[in-house]
Amino acid sequence: MSFVSSTNPAKIELHLHLEGGAPPAFIRGLAKEKHIDVGGIFDEHGNYKYADFWDFLHVYEAATQPLQSPQDFHRLTLAVLEESARNGVVYTEAFLSPDFCGGRDVGAWREYLHAIVEAAEIAEKTMGITLRGIITPIRHFGPDKARETAICAAETAGDWIVGFGIGGDEKSGHLSDFKWAFDCAREAGLRITAHAGEWGGPESVRSAIDDLNAERIGHGVRAIEDLALVDELAEKGVVLEVCPGSNVALGLYPSIRKHPINELYKRGVKVTVSTDDPPFFHSTMQKEYQDLHEAFDWDDAFFDQLAKASLDAAFCDADTKARLHKKLEQAND
Ligand code: ADE
Ligand code: ZN
């Protein structure tokens with residue numbers, strides 16, 4: 001079985017939080033420029049420091065404090081895409097949160113989005129990576145804020161903002177509390193994903209499908225605890241945005257070898273591979289590939305199929321998909 005990390009095949013990433021991709025040095029530099037004290041969120045090596053998932057959410061929010069203007073998000077987008085492109089990623093869907101971009105005010109959100117898209121256009125020309133956005137309320141901020149976020153999403157839905165999701169603390173409230181927001185986004189033409197089955201069990205994955213009509217699930221890995229649900233996911237073709245390195249770093253599984261991604265795949269579930277918040281988890285897409293190769297013998301041919309299947313599950317329009325399929329074929333065949 002071959003997979004040589006130096007080959008760096010072309011990759012598709014469907015689950016990446018834009019702020020979660022911020023290199024710690026970038027946030028430290030921005031905080032210094034603006035004389036902002038972000039608190040003790042870094043360890044002695046300058047990496048993000050957190051004790052568990054809930055502490056991670058606090059550190060994540062603290063790290064967003066220096067991101068205060070559209071120009072800051074322009075710089076962030078370039079920094080994140082540069083690292084993704086270095087890892088062979090040719091297409092990314094990033095979660096964008098109007099909560100951190102002008103506090104869910106539609107006018108302000110438009111300005112932030114404009115700056116992000118402008119940076120993405122530069123990255124496309126200079127680094128060969130394509131970005132699209134999925135707007136994402138933060139679950140523990142509650143359903144009212146999610147409604148405001150959905151209005152930002154509906155106002156900017158189109159060829160670039162292609163989806164709507166939800167992240168944050170899966171133990172906060174119930175997914176059905178967010179039905180209004182998801183209906184609003186869907187009616188505006190947005191495709192639906194939701195974080196579920198990471199800190200919640202199989203019932204959380206069921207709720208994402210039944211209550212929100214999600215066609216993709218962020219993580220979803222704990223579906224493995226209910227094999228009838230696994231069969232249902234396989235039958236319905238629900239796509240899991242699996243982030244193995246994130247799950248191990250946050251203590252959901254002790255190692256990649258013990259991670260259920262391969263079992264889910266073997267049972268017919270459409271799995272994809274992403275990094276979630278790479279600098280927080282000391283991960284990159286290339287490292288995810290290397291770890292999966294070592295744990296499950298996934299080889300070049302397997303990763304080639306994985307990239308194609310991931311692109312099929314992307315929320316972008318058909319022309320963009322066709323162009324990127326050609327790119328994958330040229331790069332990986
Ligand atoms: N936001 C950023 N990373 C997340 C994760 N792994 N789960 C839920 N919300 C998140
Ligand atoms: Zn996530």
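Given the structure is predicted, the values throughout are model-derived calculations rather than measurements. For ligands, and for the atoms within them, numbers begin at 1 and follow the listed sequence.
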* Asked: Quick one: does His219 get a heavy atom under 4.0 Å from ligand 1?
  -> yes
* Say whether Phe56 and ligand 1 are in contact under the criterion: heavy-atom distance to a ligand atom below 4.0 Å. => yes
* Apply side chain to side chain donor-acceptor pair (under 3.5 Å) to the pair Glu294 and Gln290, showing each step before the final yes or no. => CA-CA 6 Å; Glu294 285 168 16; Gln290 184 67 39; 2.9 Å; yes
* Asked: Centres of the Phe164 and Phe178 rings: under 6.0 Å?
  -> no
* Ring center gap for His195 and Phe95 short of 6.0 angstrom -> yes
* **Atom of Asp276 closest to the Zn ion (ligand 2), considering N, O or S atoms** => OD1
Metal proximity, [X] vs the Zn ion (ligand 2), N/O/S cut-off 2.8 Å:
X	answer
Glu241	no
His15	yes
His17	yes

* Over-ring placement of Arg216 relative to Phe315, 6.0 Å and 45° cut-offs -> yes
* Cluster overlap Ile224 with Val273, hydrophobic side-chain contacts below 4.5 Å -> yes
Check this for me - ligand 1, [X], N or O atoms closer than 3.5 angstrom, yes or no?
X	result
Glu198	yes
Asp277	yes
Gly168	yes

* To do: Ignoring hydrogens and angles, tell me if any N or O in the side chain of Ser97 forms a donor-acceptor pair with the backbone of Phe100 under 3.5 Å.
  => no
* Donor-acceptor contact below 3.5 Å, side chain Lys11 vs main chain Ala307 -> no
* **Distance filter under 4.0 Å to Asp276 heavy atoms, resulting ligand 1 atoms** => 3 (N), 5 (C), 6 (N)
* Asked: With atoms numbered from 1 as shown, which atoms in ligand 1 lie under 4.0 angstrom from a non-hydrogen atom of Tyr60?
  -> 2 (C)
* Does the side chain to side chain donor-acceptor pair (under 3.5 Å) test come out yes or no for Ser69 and Asp72, once each step is laid out? -> CA-CA 5 Å; Ser69 69; Asp72 296 338; 3.2 Å; yes
* Using a heavy-atom cut-off of under 4.0 Å, does the side chain or the backbone of Phe53 touch ligand 1, or both, or neither? -> side chain
* atom 1 (N) of ligand 1 [closest protein heavy-atom partner, distance rounded to 0.1 Å] -> His17 CE1, 3.4 Å
* **Among Phe281, Tyr50, Trp54, Phe280, the one residue meeting ring-ring contact (aromatic ring centres under 6.0 Å, His included) with Tyr60** => Phe280
